[in-house]
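Right, one structure below, let's go through it.
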Amino acid sequence: MVRYKCRYVLCKVIHDDRKKSFDESDIYFAVRNEVEALHGDYGVSSMKKTPSLSVKYTDKESGIVLLKCQRGLHKLLQSSLPFIKKIKGVPAFLQTIHVGGTIRSCLKFLITYHKSRLSSLLKQCTTKEEKEKVKVAILKCCQDTTQMVMTVQ
Amino acid sequence: MAAPMDLNIPHCDENLLKEKLCMSHQLGYEVVAINYYDPELLIPKKQKKKDDAHQVKSPDKILPSKEVLQSITKGSRKPFKVLSRVSTILTEETQAHKLISEEVQQFDLIAVQPTSEKTFLQACQTLNVDIITIDVTEKFNMKMRRQTISPALERGVYFELQYSPSIRDSTYRQYLIANAQKLMFWCKGKNVILTSGCEKAMELRGPYDVANLGLLFDLNENQAKDTVMKNCQAVLSHSEGRKDYTKSTIKVEKVKELSKTDMWIVDKSDALQNCEEFDLENNAVSDLHQFDSSDNDDEEEDHDSDAVESEPKKIKLMTT
């Protein structure tokens, strides 16, 4: 058995109005069309090889998207990502956060990414209730890390 | 890892500019330059119709106020630095003298966009600028040769490519890729920076995405990353050398204006100075005499130049 090697690209959708959310298919077609515009038939057809281009995970609240493609072809994908300017007719673009070899490593990175953003969220809070919520979240992730350290020791 | 930078954000009205700066901060840029684009900057005043109306804006007017900056960086510890930059079109060789004038030199960065082969050669060889802009909205007609570009590589002048016109339109994208590949062939991936030049906030892209664009221009991954980070740092140090340093190795600054991070230099130099004064009294006078007597066979001019050279050395001692 030969393992198909993949690359996972973790992206964040940035757009103007926050109410709008995107499906997996919306993002897939936006990416596919851009690959077709930049790399032509060769790009699209090579993306259809067995570990084919697909959207593995979307998070509607934070706008996180996980794209999968074959290893080696990720350069085609990554080079066409910056040219996306509209998703489903709405001006939006994708910002690459992380590129990894497994879904697990990407999700691991995602957790640390969200944790690092908590402190900046705390300063943006306006009402007391929001502040309390973020504080609880920060405390919780601090406890998690201390537990991790304890078990390692 | 060096800080990601975007050295071209066009100047526009306040709200739009704030939006752009917000977006660039959100995307993770740490240094940003606001570009004041004036195509008629170098044309002498007599040829213009309105004499008084046209004046170069000072960098203070272009940069946003402190309150705006604070509201942008609110809630994050990441450093965010905003620089000023001026850029013009260079059509004739004789116009270049205005670049030396004080009102232009006040800006942190100076960029020039040559339109003909002669001005391109001039910009590469002699002009005291930081960035040479290469137009990505039309075909690059000039003949490039290694001889024209190599002086620019040696002097540390960088070539700039803007990516946001190519996001707007697919024909511009063709020009960008064609011009960039032509440039990369001759300068072998060195001395190139990628900047945005965006008109809207939505035309900005994250630093990693911009680096990935480099893959389209026949760059390898390290070179592509350098176009957003390391090379931009080199541009900044070059501009600092043009602006602040006398003879580009020594910088004279008032102690009051020093930033807190550099205050250790003062403490150390005080201690060193005490030592040196002590040494000077005892040894230095006799040393100088010995030094002179050995060199007396040469011309007397040598003696003068030695005296001048000894000064910088002393300053170097103080700062190290």
Side-chain angles (χ1 to χ4, degrees), chain A residues 7 9-18 31 33-40 43 62-63 65 67 69 72-87 90-100 109 113 116-126 130-131 134 138, chain B residues 4 6 19-20 22-29 70-78 80 161-174 176-177 180-181 194 196 198-221 224-225 227-228:
Chain A
R7 272 290 128 94
V9 184
L10 199 64
C11 296
K12 192 180 178 188
V13 184
I14 297 177
H15 54 102
D16 283 337
D17 44 338
R18 289 186 175 178
V31 173
N33 289 341
E34 210 49 57
V35 171
E36 190 176 7
L38 197 66
H39 298 287
S62 55
V65 177
L67 298 170
C69 75
L73 294 177
H74 66 280
K75 281 187 180 176
L76 294 189
L77 176 67
Q78 279 185 298
S79 61
S80 49
L81 278 185
F83 292 112
I84 294 171
K85 53 183 176 184
K86 272 183 184 175
I87 300 173
V90 182
F93 65 93
L94 296 174
Q95 182 200 0
T96 314
I97 305 172
H98 183 74
V99 181
F109 178 84
Y113 175 76
S116 66
R117 272 177 50 96
L118 277 176
S119 62
S120 65
L121 278 177
L122 182 66
K123 285 184 183 172
Q124 285 173 8
C125 289
T126 46
E130 284 176 345
K131 265 192 180 179
V134 178
I138 289 176
Chain B
D6 187 357
E19 211 173 281
K20 280 182 199 172
C22 257
M23 181 63 86
S24 59
H25 181 67
Q26 195 189 336
L27 289 175
Y29 288 105
Q70 269 184 355
S71 68
I72 290 167
T73 57
K74 191 178 92 183
S76 71
R77 281 182 215 156
K78 264 189 188 175
F80 190 64
L161 293 163
Q162 298 176 8
Y163 63 83
S164 73
S166 64
I167 290 171
R168 245 174 276 151
D169 193 16
S170 74
T171 50
Y172 290 155
R173 191 192 300 171
Q174 291 170 14
L176 171 70
I177 294 172
Q181 286 188 349
L194 284 170
S196 68
C198 56
E199 280 176 7
K200 292 177 220 154
M202 292 304 280
E203 281 167 2
L204 277 165
R205 292 293 181 268
Y208 285 104
D209 293 312
V210 178
N212 283 329
L213 274 184
L215 301 177
L216 290 176
F217 308 151
D218 299 340
L219 294 175
N220 61 32
E221 279 180 29
K225 242 185 194 176
T227 56
V228 206

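This one's a predicted model, so the numbers in the text were calculated from it and none came from an experiment. Order of the sequence lines fixes the chain letters, A, B, ..., with proteins taken first and strands second; residue numbering starts at 1 for each chain. Side chains included, hydrogens not; waters and symmetry mates left out as well; all remaining heavy atoms used.
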Give the member of Ala37(A), Pro82(A), Pro91(A) that has the highest number of heavy-atom pairs under 4.5 Å with chain B.
->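 The residue among Ala37(A), Pro82(A), Pro91(A) with the greatest pair count is Pro82(A).
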Side chain, backbone, both or neither: which part of [X] has a heavy atom under 4.5 Å from chain A?
X	value
Arg173(B)	side chain
Glu203(B)	neither
Leu27(B)	both
Ser170(B)	neither

Part of [X] lying under 4.5 Å from any heavy atom of chain B:
X	answer
Ile14(A)	both
Leu38(A)	both
His98(A)	neither

Distance, nearest 0.5 Å, that separates [atom1] of [X] from [atom2] of [Y]:
X	Y	atom1	atom2	result
Gln78(A)	Leu216(B)	CD	CG	11.0 Å
Phe217(B)	Ser79(A)	CZ	OG	10.0 Å
Ile167(B)	Leu213(B)	CD1	CG	7.0 Å
Ile87(A)	Glu34(A)	CD1	CD	10.5 Å
Gln95(A)	Leu81(A)	CD	CG	11.5 Å
Asn212(B)	Leu194(B)	CG	CG	11.0 Å

